[in-house]
Amino acid sequence: MNFIIYLIVGGIAGWLASILMRTDGQQGIILNVVVGIIGGFIGGWLLPMVGFGLGGGWIGFLITALIGAIVLLAIVNLFRRGSVR
């Protein structure tokens with residue numbers, strides 16, 4: 001059951017990040033889910049390193065995945081276009 005919740009929350013985080021980073025037209029639902037899940041790993045690794053930790057629950061995971069997905073899309077845009085945008 002948790003795996004399905006991670007997919008849904010990761011998809012929402014990837015979709016929100018793609019809207020914020022203006023890459024929504026280039027991505028489909030599968031890529032949004034992948035970006036959200038990878039963003040969750042990046043956010044879970046990055047946020048404690050800078051001394052910022054969010055509590056448990058799906059809201060904390062959503063915010064962590066959203067921050068990680070934005071970082072991931074910024075890095076991808078930097079290599080693809082030469083600017084973060």
Side-chain donor-acceptor contacts of residues 29-36 below 3.5 Å, not counting sequence neighbours, with atom names and distances?
from, atom 1, to, atom 2, distance (Å)
N32, OD1, Q27, NE2, 2.5
N32, ND2, G28, O, 3.4

Under 3.5 Å, which donor-acceptor pairs link side chains of residues 38-51 to any protein atom two or more places apart or in another chain?
none

Please tabulate, for side-chain N and O atoms in residues 10-19, each donor-acceptor pair with protein atoms closer than 3.5 Å (sequence neighbours left out).
from, atom 1, to, atom 2, distance (Å)
S18, OG, G14, O, 3.4
S18, OG, W15, O, 2.7
S18, OG, D24, OD1, 3.2

*Applying the side-chain contact (heavy atoms from CB on, under 4.5 Å) test to I70, which of L66, L73, I67 qualifies?*
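Result for side-chain contact (heavy atoms from CB on, under 4.5 Å) with I70: L66.
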
